[in-house]
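For the numbers below, each heavy atom of this structure counts, side chains included, while hydrogens, waters and symmetry mates do not. One-based numbering along the sequence shown. Whatever order the structure lists them in is the order used to number ligands and atoms, beginning at 1.
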Amino acid sequence: MYSWLHASLQQLSQRAAAYSLHHALLLKGEKGIGITEIAQQLGQFLLCANKPSLPQEDLGPCGHCQSCLLLAAGNHPDLYEIRSDKQIGVDAIRDAIKKLSGSAQLSGAKVLVIHDAHTMTESSANALLKTLEEPTNNTFLLLLSSHPERLLPTILSRCEKVALPSPTQQECITWLKDEGYANVDEALLRLYGTSPLVLIEHVKTPPKVNYQELVENLGYLKVGTADPAALAAKWQDEAITIVKWLQVWLVNELKAGQKNTEHLWQMHGRCVNANEQLRNPGVNKTLVLVNILQSMAQKA
Ligand SMILES: [Zn+2]
């Protein structure tokens, strides 16, 4: 387990071994810190047939019982997972509840993991309420979310919330070094320094545009020697990254005590809106970028 999540996993495992783990957990934390990985480890521990008895310092699944072997092969019959790119629909929830209502195939625990639980629709969330409250015996529901504020209060109130820590930037650097990436770009570190799994993706496949290039072009936009439409066309594949970087740049300008704070905040607000728009799969990314770059080009 990642060093920054080790203590959290141990605490949860200790409680599971002592049969004092709540049956509905909301594992929440920043995107890219390894929420999925900790849920997988905890799920394996809950399902393991040879859970060590307490007290023991470093608790973990045995790795060789039938349950652990099935998990390693990726087809454990008592582990259910729901994930979706966009929204978790009510059918997926109903289907999972139906499966959970039967008895466990391996006569152990049953575990349901809901990835990105905040993407549940309102009817999905409502369909889950009763199971969250009174699950079948020896059943655990693990809701994972990097945006818990988007969950319905009725869901939140039925889960025990477990806040997972982000690594410090130094922990992040150490981890990347262990992964074989020693010299990580400063700008990337500043942007994703506490979301190591997001950061490593950027390190492995660097975006076609870098932060420095964006900052330079912002200067050209101001003096009218760069064309917003041309830049937007060039950067459209990286639209989400560009908007995120613009926000970072704006915040840096604000921190640096620039005088035109009102304009900067206004621009920041537009970036937030652009971010929302870009999440819509059908959106014209070039158009969103043109609009935002044009307004960046305007004098305060
Ligand atoms: Zn095992």
task: Kindly compute the distance separating CG (Leu27) from CD1 (Ile35), expressed to the nearest 0.5 Å.
output: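 Atom-to-atom, Leu27:CG and Ile35:CD1 are 7.5 Å apart.
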message: Salt bridge or not between Glu160 and Arg15? Use side-chain N to carboxylate O under 4.0 Å.
response: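 Here Glu160 pairs with Arg15 in a salt bridge, since their nearest N and O are under 4.0 Å apart.
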query: So, are Glu81 and Arg83 salt-bridged, with charged N and O less than 4.0 Å apart?
result: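 Here Glu81 pairs with Arg83 in a salt bridge, since their nearest N and O are under 4.0 Å apart.
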- prompt: What orientation do Trp265 and His268 show, parallel under 30°, tilted 30 to 60°, or perpendicular over 60°?
  reply: perpendicular
- request: Determine whether the side chains of Glu30 and Ser195 contain a donor N or O and an acceptor N or O closer than 3.5 Å.
  value: yes
Sphere of radius 2.8 Å around the Zn ion (ligand 1) - protein N, O or S atoms inside: Cys48 SG, Cys62 SG, Cys65 SG, Cys68 SG
field: Residues Arg158, Glu134; criterion salt bridge (charged side-chain N to carboxylate O under 4.0 Å, His left out); working and verdict
entry: CA-CA 10 Å; Arg158 283 165 175 82; Glu134 306 164 1; over 6 Å; no
